[in-house]
Amino acid sequence: MRKFALCLIFVFIFCALSLTYALTREASVEKIKELIVELPDSTTVTEIDEITNLSYARAQLKKFSPTLLTYDKSLVKGKDEKVLEKLIEAADYIDQIFLRQAYYKNEEILKNLQNSTKPEDEIYLRLFKINYGPFDRLREFETFYGTGVHPKGANYYPVDMTKEEFDSWLTNHPGDKKTFTDTFTVIRRQGDGLVAVPYPQEYKDLLEPAHKALKEAARLTDSKDLKSYLNSRADALLSNDYFQSDMDWMDLNDSTFEVVIGPYEVYEDTLFNYKGAYEAFITLNDPVEAEKLEKYGTYLGELEKNLPIADEHKNFKRRLTSPIKVVQLIYSAGDTRAGVQTLAFNLPNDERVREAKGSKKVMLKNVIEGKFDKILTPICEKLINPSQQKYLSFQTFFDQILSHELAHGIGPGIIIKDGKETTVAKCLKNNYSAIEEAKADTLGAYNLLYLMKTDRYPEEKMESLMVDYLAGMFRSIRFGIHEAHGRGVILQFNWMMQHGGFVYDKNTGYYSVNFDKFKPALDGLVKKLLEIEATGNYEESNKLLKAYCYLPGYLQNSLNSLNDLPVDLLPVYEVKQNPIK
Ligand code: ZN
């Protein structure tokens, strides 16, 4: 009886979701048509190199598919509308700071492009806005406009400063080490020397109004947690001390909004990876997904018990240390908006906060849905056997992503090796991430199949789950098979091919799932990966990765056929199209 009731709840949730999904999709198609202004056609261009640059810019622009990001407006009522307005105002200042951080000439170039009457500049302007500068983020910062060369240290350091100069300065001035390598300072020239300038001083003109907007949002909101976070974060923008506000962010529970605003990731600084880039995520908590996650959370013990490994390796004490939230992205700004769009983030980065409170994983459901529609679906139309294309389903795809995240919290973590307590990560060293990502993917699917068998996930989703599992791989492999995620995916792909779960038809060039062989093949890999983790067996992990991590020729050909498809989204924010008020 209980099982039946649960199953009904699931069916209900899925039906409700599919309906909203269908409705919003239709609306977005209509709106998107209005939003996409046709690109100006080849125009009178005088110089030869400009023609080359222009056709390059045009081709790169086509790689980003404009996508309207909608959110559930019925969840934003009363005072929350005003709060949202203030949050977006603050995010726009943050956006300008990042533009300045990315390249010292950015503001000047932007102004010139905006004021230009040359029709081709419209193309450059659009690509500039996607890349936050004249350098192509899809092609390791190749220049597409003007003659500048991308500085490795972005605008965090003097443009002509070398690594050697920075290092030798610190050798001669050891007292400067802390402020020079700090995440929240920039390095500037002063006379013949170098100085570290704290962010609040460097970006004073933009941080002060951002601070003010956040304080106003804090005053307006009825959420106690959001009030604390916005107040402490507003102060942090001016004091440069983010600790308390990061702690408050981990405690943000009673709010409609999930908000991140400030300097975080250090990847823009390719010289040293020291300096934090400003970004903002203004998002809305998704109550339906929250309920689903909570339910799934109650199964974790049972799923641990169901693992295909010896009982002695199961760990029933292990619980998720990182809360997971599913949100709808309303607006983003700065670092995260540049180039390829983030599907999920895990913050904060401050180890002291992680120690005290763990970290929070936030998944952007509407961005994932956009990528499913605009990137994954066209890929599958080219590569998946037409008879199986009807099984592609966003909701199943999304459930697999959630299941992947939860699977990271299941299985061996702390293990005993040679009589000593250690962790899987330490034992598997450089192979750990690839093995753990492959484990999360395979176990994620394995767990959903188990919930199906025990009537807690709709059984009619079985084929969708298998086809979505195959489909997702093409997208990941397209980004390369050398970093951890890519290695983990190509391992699964080749394993499934060799064990008959996937089939490639060389006559048609289509891939398909063998529904009978899928589960035994998957189970075999789950077992293999969990055993490697449970025993911390580095040698075995090497053997497995060596045997399966390679790109077969037929797959390379398939990937080549995807070259003219878009690689990512260009987010179009509904909130900016229909401003609240
Ligand atoms: Zn993962």
Side-chain angles (χ1 to χ4, degrees), residues 264-265 267 289 292-293 296-297 299-300 303-304 307 315 318-327 336 340-349 354 358-365 367-369 371-372 375-376 396-414 423-449 465 468-493 495-496 522 525-526 528-530 532-534 541 544-545 548-549:
Y264 285 97
E265 307 303 341
Y267 309 115
E289 293 295 335
K292 213 180 356 170
L293 268 172
Y296 201 118
Y299 305 149
L300 292 182
L303 294 173
E304 183 81 38
L307 293 178
N315 182 358
R318 190 170 175 193
R319 279 292 166 265
L320 280 181
T321 45
S322 316
I324 297 176
K325 292 214 170 175
V326 177
V327 301
T336 186
V340 171
Q341 298 301 297
T342 304
L343 295 172
F345 57 87
N346 201 346
L347 289 173
N349 293 333
R354 282 181 175 246
S359 64
K360 178 156 63 178
K361 179 123 200 174
V362 181
M363 312 191 59
L364 311 171
K365 192 180 177 195
V367 179
I368 299 173
E369 182 170 357
K371 294 214 192 203
F372 182 87
I375 317 294
L376 196 58
T396 324
F397 180 71
F398 186 72
D399 291 340
Q400 284 194 57
I401 295 179
L402 281 190
S403 194
H404 167 112
E405 293 306 331
L406 291 158
H408 277 307
I410 302 172
I414 295 168
T423 63
V424 177
K426 274 189 195 145
C427 295
L428 298 186
K429 296 180 272 194
N430 57 322
N431 291 338
Y432 172 68
S433 302
I435 296 286
E436 174 62 20
E437 287 310 321
K439 177 209 95 176
D441 275 343
T442 50
L443 188 56
Y446 174 93
N447 285 339
L448 286 179
L449 288 170
L465 190 142
D468 282 341
Y469 176 80
L470 166 62
M473 288 188 185
F474 295 121
R475 198 189 80 84
S476 314
I477 296 169
R478 204 176 166 204
F479 279 110
I481 60 163
H482 299 295
E483 52 71 63
H485 271 90
R487 277 171 93 203
V489 171
I490 195 70
L491 156 69
Q492 295 168 68
F493 178 86
W495 174 285
M496 292 301 278
L522 180 83
L525 185 53
V526 173
K528 182 93 200 158
L529 292 164
L530 285 170
I532 287 174
E533 290 202 343
S541 71
L544 185 71
L545 290 170
Y548 290 96
C549 289

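Remember, it's 1-based here, ligands and their atoms both numbered in the order they're listed.
Gln400 and Asp468 form no side-chain donor-acceptor contact under 3.5 Å, judged by distance and modelled atom types alone.
Checking His485 against the Zn ion (ligand 1), every N/O/S atom stays at or beyond the 2.8 Å cut-off.
Between Met363 and Ala344, the shortest heavy-atom contact is CA-CB, 4.0 Å.
Tyr469 has its side chain within reach of Leu522: a pair of non-hydrogen atoms, C-beta onward, lies under 4.5 Å apart.
Glu437 has its closest N, O or S atom to the Zn ion (ligand 1) at the position named OE1. Within His408, the N, O or S atom at minimum distance from the Zn ion (ligand 1) carries the name NE2.
Between the side chain of Glu437 and the backbone N or O of His485, no donor-acceptor pair lies under 3.5 Å.
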